Structures are given as structure tokens and as C-alpha cells.
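Treat the numbers as computed from the prediction; the structure is a model and nothing was measured. Numbering of ligands and ligand atoms starts at 1, following listing order.
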Amino acid sequence: MANGVSGPMPRRWGMPVLFLLAMAAAAAGFVANAYFSEIRAGNVWSLTYGSAAAALLVLAVTYGARRRMMRLASRFRAGGAAGWLGLHIWGGALFLLLMLMHSGFRLPSGVITGWLWALSWWTVLSGIGGRMLQRWIPRMLSSGLTTEVLYERIPDLVEEIRGRAARLAAGSHEAIATLYRDLEPEFAAPRRRWLFFVDITAGRERRGREFRHLRRLLGGEDREQLDRLEGFYRTKLEIDAHYTLQQTLRLWLYLHVPGSLLLVALLAAHLYSVWAY
Ligand code: HEM
């Protein structure tokens, strides 16, 4: 339609719709299973769910390998990063559903199967949590802060600002030098503060009162120097906000990846034990 109200479905919806349909089909299969046959481990229904879940798990972990081999992937035209991430996320969600169907929505009684069950939940839930952080943190940083900072540059930037603030304080009014001595520990190194998760400008107001109070007492050039010191202090707070939130974006992978690799290793042990006995 010319007004753009309806028309072909946007391409980015293609994969979610496909996987939601696959989930609906899997759920319908499970209902049919319950109707026609007993739901128990080892029968053909359960083996089908289990095999499909294992294939999806392999697909999900392949995403990590693809990320590590970007150049090779582009040489063999192995698809774009966004498409792979979509497959990873939606394939991971479908994997969990099939794993639950495979175990008949019951808690497993074996040790390996118990770990497989728990790690599947852990991997998928940590993945969903990480995806939410990946969407939320960049938005929060760009909406509330005036500076853009590369994570790797943070230690150098902090050192530079600390040096500039120290030099300024050394040649200024005694009251400014005293205020700087009080602020010095905050300039010393990048600082993590959990408060940034609720208020990205945290800390600004508390010290702002001290700066305002001093500004009233000072005049002319001293006041200008105080304003410059406040500028340095605000920049340092913004860098700390970047440090806290960008570090979280990196650290969540440590919750997601080791568990997912252990899951794949345990799946191999599970398959071996099923084949061998
Ligand atoms: C709904 C389920 C899942 C979601 C939402 C999810 C989400 C994510 C996200 C957002 C990333 C980081 C992507 C990036 O920044 O490029 C990631 C990485 C990864 N995920 Fe998942 N994931 C899920 C399921 C799984 C499963 C089932 C596995 C198990 C094999 C897995 C293994 C990995 C690995 C190994 C990486 C690291 C990639 C790398 O940096 O090398 N994920 N996942």
C-alpha cells in the first residue's frame, strides 16, 4: 500500500516468525505425542526431540566458532553476523523447548542428565540476560552521557585527566587545592559504581553542591579555574559510568560461554552413554 501501513513483512521479522512457527509445531507434536503414546525417555518421540535439540545446540555453539573465524566465514560467504546471531538466539530458545520435551518436562534423575538440564536453563537464561544488556547499555550510555569512550582507552584517559586536574590544582587558590585533595582518590583510577545502573549521572549532584558553594566565595580567574576542575571531575564521572557499564557487557559472557561449552561436553558424554549402553 502507498501509505506504508501494510505490505510485505520486514526481513528482520523473518527469522523470529520462522522459529515461532517451529516452536508451535514442536508443541503441537508434543500434544499429539501425549495423545497417541506415552511420554517417556527412549521411545521414538523422545529420541526425535533429543536429536533435534542436540542439532540446535551444535548450531548455537557454531556461532562462537564463526565469530572467531570471521575472515574464513566471509571468504566462504557463510552469511552475515546478524543472521548468525539470530540463528544462535532463536535456535537456542528452540533448543530449550526441545530439551524439555525430550525430558518429558520432568526433572531428570541421573547425574549427567541433571547437569544437562540445569546447564541448558543456565545457558539460555544467561544468553537472554546478556542480549537484554547488549540492547539496554548502549542506549543508556548514549542518552545520559556527553562523552563517547572506547573501553580499551579508559586507563589512559583517566591518567590524562588526573594529571591535568592535579596541575590545575597545584597552581590555583588554596580553597581549590583543598577541594582537589579531597577529590584526588576519585581521580586516581577507573572506578566501578553499581549506582550507575540506576542513575547514569550518579555522583554529579553530590559534589555539585560543593562546587556551587565554593563558586560563591571565589571570584574572577579563581572561579574559572574552579569551573575547569569541575569539568574534569564530570568527565571522570562519565568515564567511570562507561567503565562500569561497558565492563558488564564484557563480563556477562563469562556467565554464558563456559556453561555453554560444558553443556556441549556433557551432551557428548550423554550421547556416548546412550550409544554405549
Ligand atoms: C535463547 C538462547 C540464547 C541467547 C539469547 C544467547 C545470546 C548470546 C549472545 C547475545 C551472545 C553474544 C553475541 C555477540 O556479542 O556477538 C552469545 C554468545 C555465545 N553463546 Fe549464546 N545465546 C543463547 C543460547 C546459547 C546456547 C544454547 C549456547 C550453547 C552452545 C550458546 C553459546 C554461546 C557461545 C559459545 C557464545 C560466544 C560467542 C563468542 O563470543 O565467541 N548460546 N549468546
Ligand 1 to Leu85, heavy atom cutoff 4.0 Å, flagged ligand atoms 13 (C)

* Asked: How about Tyr180 and Phe187: are their ring centroids closer than 6.0 Å?
  -> yes

*asked:* Suppose we call two aromatic rings close when their centres sit under 6.0 Å apart. Are Phe30 and Phe105 close by that rule?
replied: yes

* Asked: Does some side-chain heavy atom of Gln247 sit less than 4.5 Å from a side-chain heavy atom of Tyr151?
  -> yes

Under 4.0 Å from one or more heavy atoms of Ala60, ligand 1 contributes atoms 26 (C), 27 (C), 28 (C)

At under 4.0 Å between heavy atoms, what of Val257 touches ligand 1? The answer is side chain

Looking only at non-hydrogen atoms, the one of Ile89, Leu125, Leu261, Thr123 nearest atom 1 (C) of ligand 1 is Ile89

| message | For Glu186, is there an ion pair with Lys236 - N to carboxylate O distance below 4.0 angstrom? | response | no

Checking heavy atoms under 4.0 Å, the part of Tyr63 that sits near ligand 1 is side chain

Residue, atom and distance of the protein heavy atom nearest atom 41 (O) of ligand 1 read Arg68 NH2, 2.9 Å

The answer for which part of Leu56 has a heavy atom under 4.0 Å from ligand 1 is neither

One finds that the ligand 1 atoms under 4.0 Å from a non-hydrogen atom of Val61 are 30 (C)

For Val198, the other hydrophobic cluster members (4.5 Å side-chain criterion, sorted by chain and number) are Leu195

Atom 14 (C) of ligand 1: closest protein heavy atom, distance to 0.1 Å, is Arg67 NH1, 2.9 Å

ask   = Under a heavy-atom criterion of less than 4.0 Å, does Ala93 contact ligand 1?
value = yes

Looking only at non-hydrogen atoms, the one of His88, Gln134, Arg250 nearest atom 33 (C) of ligand 1 is His88

Is Trp122 in contact with ligand 1, taking contact as a heavy-atom separation below 4.0 Å?
-> no

With a 4.5 Å cut-off on side-chain heavy-atom distances among I, L, V, M, F, W and Y, is there a chain of contacts connecting Leu141 to Val158? no

Distance col, row Glu210:CD vs Leu226:CG, nearest 0.5 angstrom, shows 10.5 Å

Note: ligand 1 atoms sitting under 4.0 Å from heavy atoms of Gly64 are 38 (C), 41 (O)

Check: Ser260 N/O within less than 3.5 Å of ligand 1 N/O: no

**Study point:** ligand 1 to Trp252 polar contact by distance, N or O atoms, under 3.5 Å
**Key:** no

Practice problem: Take every heavy atom of Leu263, measure it against each atom of ligand 1, and state whether any distance is under 4.0 Å. | Solution: no

The reported gap from OG1 in Thr123 to CE in Met99 (rounded to nearest 0.5 angstrom) is 9.5 Å

Quick one: do Trp115 and Ile112 satisfy side-chain contact (heavy atoms from CB on, under 4.5 Å)? Show the steps, please. CA-CA 5 Å; Trp115 275 99; Ile112 292 192; 5.8 Å; no

Review point. Does the distance from a Lys or Arg side-chain N to an Asp or Glu carboxylate O, for Asp199 and Arg204, drop under 4.0 Å?
Key: no

Minimal heavy-atom distance between Tyr49 and Met101, with the atoms involved, is CE2-CE, 3.4 Å

Honestly, for Trp84 the part within reach of ligand 1 (heavy atoms, under 4.0 Å) is neither

Of all protein heavy atoms, the one nearest atom 18 (C) of ligand 1 is His256 CD2, 3.7 Å

A student checking ligand 1 against Leu57 at a 4.0 Å heavy-atom cut-off should list atoms 27 (C), 29 (C), 30 (C)

Which of Leu267, Leu263, Leu261 passes side chain to side chain contact (heavy atoms under 4.5 Å, CB included) with Leu119? It is Leu263

